[in-house]
Amino acid sequence: MEEHEIVIGLEVHAELLTESKMFCGCSTKFGSAPNTQICPVCAGLPGTLPVINGKAVELALKAAIALKCRPASFSRFARKHYFYPDLPKNFQISQFEEPLAEGGYLSIEGRTIRIKRIHMEEDAGKLLHSEDEGSFSSVDLNRSCVPLIEIVTEPDIRSSFEAEKFLASIKRILEYLEVSDCNMEEGSLRCDANISVRKKGDEAFGVKTEIKNMNSFKAVRKALDYEARRQISQLKKGEKLRQETRLWNDGLQITEGMRSKEEAHDYRYFPEPDLVPFTVDSSWTERITAMVGELPVQRKERFIKDYSLSDYDAEVLTAGKDTADYFEKCAAGYPNPKLLANWIMGDIAALLKSHKTDICDSPVGPESLVRIASMIEEGKITGSIVKKALQESFDTGIAPEKIIAEKNLAQIHNEDRINAVIKETVEENPKAVQDYKNGKEQAVSFLIGQIMRKTSGQANPAILKKNLLEYLKEIK
Ligand code: ADP
Ligand code: MG
Ligand code: ZN
């Protein structure tokens, strides 16, 4: 395996977060009943005219600038022809020779992946195949004409791991800029992967295949790993590779040939005559550049510097904009960022996951977390109580500090109350007391355990231990 090098280039599609479609006023909302968000334009009726959605261009430019691309001074839409039932016009309005932006890059862990181009296009509809025998397929055009950007990289990626990192990084940037929600399950972020292998040290690239149909990062990584193995073993057998498009079969965990280069479409691109070419001038570029602001990598560096967080913590906390915003809201009201980071990345992250909730909808708002963190530091509550309160907060939707107050979960500091339980426990366990007197230190731990049980874990541990030892010393 080692004598081969893997070469990967990605084509990433992201749906833009506009209210309305690319060339008409229909809603882009996901999940509505089929064909309820269509009009003559996006249903492809003859004689209709498209109109460019300015907001879509703005979002695409934001992505382009964040990825260091040069916006084109002359940009034009083009018709890409193919026949498919989910494409009622029989052509897709895309861009070809005059894309919106070119020549950018994205650095991931010290490696630079060049971005060849970013262009805009409209999405196609969706076919719904019913599973029954002898059945039919129907088409839902709600997605038809939803604005997309396609980000095409140069073949600079060298492993499936790096491909996954690149995608994660793109996703984070697009989410940060609110260019796309990047929801992979809903198809808002999709990726085709081109891959070839070559002998280490070779100049020329090998024959590539293009893999489609992967709908998770994991699927991308697995498909690339499978395909690299397949290509290398073909070459080792002395067989030639075919340039072809292959589909990832997630059930079988293999790629399967779909069409070879000879069968490839000739799309007969030509400039879209119904739309005017447009120019992105420097003042527009400047305006968008100002809107782009702080990018995830910069925010991560700032978290390390301003909050003295570790590289790892800063990475996790800035992975999503919502989490980063949440953390900063907490940190504004509380002086110990590390403690906040631990709770956010630990229990809160786990509860969000198990309850399938976004951090913005968490029952534990930033004020709640600040309140709780202060109580911990003041010694009013223990970590185990907080865990319980957070769990219950997620189960009931009630703020955790309320639960702590209502259920009286705060630590017992009252020495009379603690001493009463100590006395009772010692009387109930003469053997443990005897053991202690005979020099068995573990007997103390046993007694502390008993007392904690009686107080539901709420006795202040320091007071408890000190008073217990004093009490034991006094009795003969
Ligand atoms: P095509 O004309 O086949 O669409 P492009 O030049 O447009 O090819 O490139 C499409 C994608 O394939 C790009 O992301 C590019 O980086 C990638 N690519 C091109 N050649 C190779 C190769 N030999 N191995 C891996 N990826 C490649
Ligand atoms: Mg291509
Ligand atoms: Zn429409």
Side-chain angles (χ1 to χ4, degrees), residues 4-13 18-29 32 34-45 48-53 56 67 80 82 88-89 93-97 99 102-106 112-119 122-125 140-147 150-160 162-163 166-167 170 190-199 202-212 220 223-224 227-228 231-232 235 241-246 258-267 269:
H4 286 95
E5 182 180 45
I6 295 164
V7 173
I8 296 166
L10 298 177
E11 294 165 281
V12 184
H13 286 90
T18 54
E19 295 284 323
S20 61
K21 293 187 180 180
M22 184 75 233
F23 301 117
C24 64
C26 293
S27 167
T28 54
K29 195 166 151 276
S32 306
N35 299 312
T36 53
Q37 291 163 188
I38 60 172
C39 72
V41 175
C42 57
L45 299 195
T48 55
L49 287 173
V51 178
I52 299 174
N53 180 338
L67 296 171
K80 177 181 183 180
Y82 58 100
K89 293 195 292 280
I93 304 182
S94 179
Q95 295 192 295
F96 187 50
E97 281 167 332
E102 289 180 280
Y105 64 87
L106 175 62
T112 297
I113 310 300
R114 287 170 302 155
I115 290 163
K116 195 169 169 177
R117 56 187 267 145
I118 296 183
H119 69 252
E122 56 178 343
D123 211 341
D140 173 12
L141 294 178
N142 284 350
R143 202 179 66 179
S144 165
C145 203
V146 166
E150 179 172 339
I151 302 166
V152 184
T153 77
E154 297 286 356
D156 289 346
I157 297 167
R158 291 290 172 269
S159 67
S160 63
E162 205 166 79
F166 177 85
L167 280 174
I170 288 274
R190 317 195 283 270
C191 160
D192 299 335
N194 299 270
I195 175 169
S196 64
V197 298
R198 64 178 169 188
K199 279 251 170 67
D202 275 3
E203 244 344 277
F205 287 136
V207 172
K208 70 164 169 133
T209 60
E210 179 175 356
I211 320 169
K212 290 185 182 287
V220 172
L224 285 168
E227 189 57 17
Q231 291 186 6
I232 291 168
L235 292 180
L241 288 166
R242 288 207 310 167
Q243 184 171 337
E244 61 181 353
T245 303
R246 299 178 69 84
M258 180 175 101
R259 59 169 183 255
S260 72
K261 196 183 179 203
E262 293 73 50
E263 300 161 69
H265 301 288
D266 180 349
Y267 294 118
Y269 281 99

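By convention here, the first residue in the shown sequence is residue 1. We count ligands from 1, going down the list as the structure has it; atoms in each ligand are counted the same way.
Of all atoms in ligand 1, numbered sequentially from 1 with element shown, those under 4.0 Å from a heavy atom of Ser196 are 22 (C), 23 (N), 24 (N), 25 (C). Below 4.0 Å from some heavy atom of Gly206 lie the following atoms of ligand 1, by number and element: 23 (N). Interface of Pro155 with ligand 1, defined as ligand atoms under 4.0 Å from a residue heavy atom, comprises 16 (O), 26 (N), 27 (C). Ligand-side atoms of ligand 1 in range of Val7: 24 (N), 25 (C), range being under 4.0 angstrom from any heavy atom. Within the listing of ligand 1, atoms 23 (N) sit less than 4.0 angstrom from a heavy atom of Phe205. Taking a cut-off of under 4.0 Å to the non-hydrogen atoms of Leu10, the atoms of ligand 1 that pass are 14 (O).
Residue contacts with ligand 1: Val152 is placed with no nitrogen or oxygen under 3.5 Å of a nitrogen or oxygen of the ligand (distance criterion only).
Contact annotation for Lys116 and ligand 1: only side-chain heavy atoms (C-beta onward) come within less than 4.0 Å of the ligand.
If you run side-chain hydrogen bond (donor to acceptor under 3.5 Å, both in side chains) between Thr209 and each of Arg246, Glu244, Glu227, only Glu227 comes through. Checking each of Asp192, Leu167, Ile115 against Val12 for a side chain to side chain contact (heavy atoms under 4.5 Å, CB included) leaves exactly one that passes, namely Leu167.
Around the Zn ion (ligand 3), protein N, O or S atoms at less than 2.8 Å number 4.
The backbone N or O of Asn142 sits less than 3.5 Å from a side-chain atom of Lys21, completing a donor-acceptor pair.
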**Message:** Ile52 vs Phe23, test: side-chain contact (heavy atoms from CB on, under 4.5 Å). Steps then yes/no.
**Reply:** CA-CA 5 Å; Ile52 299 174; Phe23 301 117; 4.2 Å; yes
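Taking every heavy atom of both residues into account, Arg143 and Gly125 meet most closely at NH2-O, 3.3 Å. Pairing each heavy atom of Gln231 with each of Val197, the nearest pair is OE1-N, 3.3 Å.
Tyr267 and Tyr82 have perpendicular rings, their planes meeting at more than 60° on a 0 to 90° scale where under 30° would count as parallel.
Here the shortest heavy-atom distance to atom 17 (C) of ligand 1, taken over Asp192, Asn194, Val207, Ile115, belongs to Asn194. Proximity annotation for atom 20 (N) of ligand 1: of Glu154, Arg198, Lys208, Gln243, Lys208 comes nearest, heavy atoms only.
Checked against side chain to side chain donor-acceptor pair (under 3.5 Å), Ser20 has the following partners two or more places apart in sequence or in another chain: Asn53.
Look at Glu5 and Arg198 and you find a salt bridge, because one of the NZ, NE, NH1 or NH2 atoms lies within 4.0 Å of a carboxylate O, short of that distance.
Atoms SG and CG, on Cys42 and Asp123 in that order, are 12.0 Å from each other to the nearest 0.5 Å. The distance from the CD1 atom of Ile157 to the CG atom of Asn194 is 10.0 Å, given to the nearest 0.5 Å.
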